Amino acid sequence: MNHPYVHNTPPALGSPVLTAEGLVKTYGTTCALDGVSLQVRAGESVAIMGPSGSGKTTLMHVLSGILTPDAGDVILRGADGAEVVVSAGHAEARARLRREQIGFVFQEGLLLPELTAVENVAVALMLSGTARKEAEQQAAAWLARLGLAGMENRRPGELSGGQAQRVAIARAQVTSPGIVFADEPTGALDSATSEQVLHALLASTVSRGAPLVVVTHDADVAAQCSRLVRLEDGRVVSDTLQEHAGGQVSAR
Ligand code: ADP
Ligand code: MG
């Protein structure tokens, strides 16, 4: 049940990485997701927009296995071609799946304040058994790629908002997850910094061939993604490819 492997061919660019079907999630009498189906392919960057309360955060949490849906399925196809059901299984199995195959960037970054930048990133690898020295080397390489060379030993309180979000991005990338989610990752930043952080997020995810799903209120941020999905009242009300976006656009 935890590893219902179905296929064993690696995904090519444009092949489905995540497939969600008929997702329903209610909180008491509130229907946060009212039958959402969504397929995300390799190389895509998907912006999710919608009014406050439309179910964006709930959708990200269900797609990434943080929450389980009341109905519907989420299937993730790993780099090895194996398919795993994200939306079922015990909390521990889902937590392992998130550690190993899914990256998540939260609005506030959620860095550990007592740890340095490099330690915050290395922890993501060490949780899956990588030795500290090796984990810190890989963490430092990701920090450098995201423009943070020389800041490895700063604690989150010694970083700007934009720098802290780039540390959170490095933490989400360091395990080479098959898909990365970001829930309003630039929501707390000014627009110039938002642009840089989004660029770092897009480049670091899509250049690995992994898809990015990003919730944003910022039309400029959404415009840089290859696809725009709008939610209203827990439903997908539009889903459009943005051919003009800088990133790759996959055939659908
Ligand atoms: P968004 O991220 O688009 O603002 P959310 O997914 O956070 O939307 O919320 C969707 C709906 O579900 C809202 O009506 C919200 O009030 C409700 N909701 C979200 N989380 C909870 C919760 N833990 N308990 C009760 N209601 C919730
Ligand atoms: Mg939200």
Side-chain angles (χ1 to χ4, degrees), residues 18-40 44-76 86-92 94-95 97-98 102-111 161-162 164-166 168-169 171-172 177 179-191 193-195 197-198 200-202 205 211-240 242:
L18 189 90
T19 303
E21 269 179 31
L23 297 178
V24 173
K25 181 73 182 178
T26 53
Y27 300 106
T29 56
T30 303
C31 187
L33 296 180
D34 188 12
V36 172
S37 298
L38 188 70
Q39 187 164 65
V40 179
E44 279 194 307
S45 50
V46 183
I48 310 268
M49 297 189 88
S52 182
S54 57
K56 305 180 298 294
T57 292
T58 303
L59 178 61
M60 300 292 274
H61 288 182
V62 170
L63 293 180
S64 60
I66 294 172
L67 288 175
T68 52
D70 300 330
D73 295 308
V74 180
I75 312 270
L76 178 69
V86 177
S87 49
H90 293 295
E92 198 184 313
R94 285 185 286 112
L97 182 64
R98 290 202 304 278
I102 294 170
F104 206 109
V105 181
F106 296 89
Q107 177 169 356
E108 301 299 340
L110 299 186
L111 299 175
Q165 272 311 54
R166 279 185 279 158
I169 292 166
R171 184 180 56 185
I179 186 165
V180 175
F181 297 95
D183 190 0
E184 301 195 43
T186 62
L189 305 175
D190 64 67
S191 62
T193 310
S194 293
E195 189 91 353
V197 166
L198 180 81
L201 183 59
L202 266 173
T205 309
L212 172 70
V213 184
V214 55
V215 172
T216 183
H217 282 305
D218 186 333
D220 293 337
V221 167
Q224 291 193 45
C225 294
S226 66
R227 182 174 160 200
L228 173 59
V229 172
R230 290 187 184 275
L231 281 190
E232 269 173 40
D233 298 328
R235 292 180 186 189
V236 174
V237 294
S238 74
D239 185 346
T240 50
Q242 309 193 114

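In this chain, numbering begins with 1 at the start of the sequence shown. All values reported here derive from a predicted model rather than from experimental measurement. When a ligand or atom number is given, it counts from 1 through the structure's own listing order.
Backbone and side-chain nitrogen or oxygen atoms of T30 are examined, and none is located within less than 3.5 angstrom of a nitrogen or oxygen of ligand 1. The shortest N or O to N or O distance between A32 and ligand 1 is not below 3.5 Å.
At distances below 3.5 Å, not a single donor-acceptor pair connects side-chain atoms of T205 with backbone N or O atoms of P211. A distance-only check finds a donor-acceptor pair linking the side chain of Q165 to the backbone of P185 [under 3.5 Å]. Judged by distance alone, the side chain of E21 and the main-chain N or O of G35 form no donor-acceptor pair under 3.5 Å. Looking only at distances, no side-chain donor or acceptor of T19 sits under 3.5 Å from a matching main-chain atom of Q39. Side-chain N or O atoms of K56 include one that pairs as donor or acceptor with a backbone N or O of P51 at under 3.5 Å.
Scanning all protein heavy atoms for the shortest distance to atom 8 (O) of ligand 1 gives G55 N, 3.2 Å. Protein heavy atom nearest atom 11 (C) of ligand 1, with residue, atom name and distance: G53 O, 3.7 Å. Among protein heavy atoms, the minimum distance from atom 19 (C) of ligand 1 is reached at Y27 CE1, 3.3 Å. Atom 5 (P) of ligand 1 has as its closest protein heavy atom T58 OG1, 3.7 Å. Of all protein heavy atoms, the one closest to atom 7 (O) of ligand 1 is T57 CB, 3.7 Å.
Within the 4.5 Å cutoff, the side chain of C225 has heavy atoms near those of the V214 side chain. A 4.5 Å side-chain heavy-atom check between Q107 and D183 finds every atom pair outside the cut-off.
Taking a 4.0 Å cut-off on heavy atoms, G50 fails to register as neighbouring ligand 1.
The distance between the ring centers of H61 and F104 falls below 6.0 angstrom.
Heavy-atom proximity to P51, at under 4.0 Å, picks out these atoms of ligand 1: 3 (O).
Here T57 meets the criterion, with an N, O or S atom under 2.8 Å of the Mg ion (ligand 2).
For atom 15 (C) of ligand 1, the nearest protein heavy atom lies 4.0 Å away or farther.
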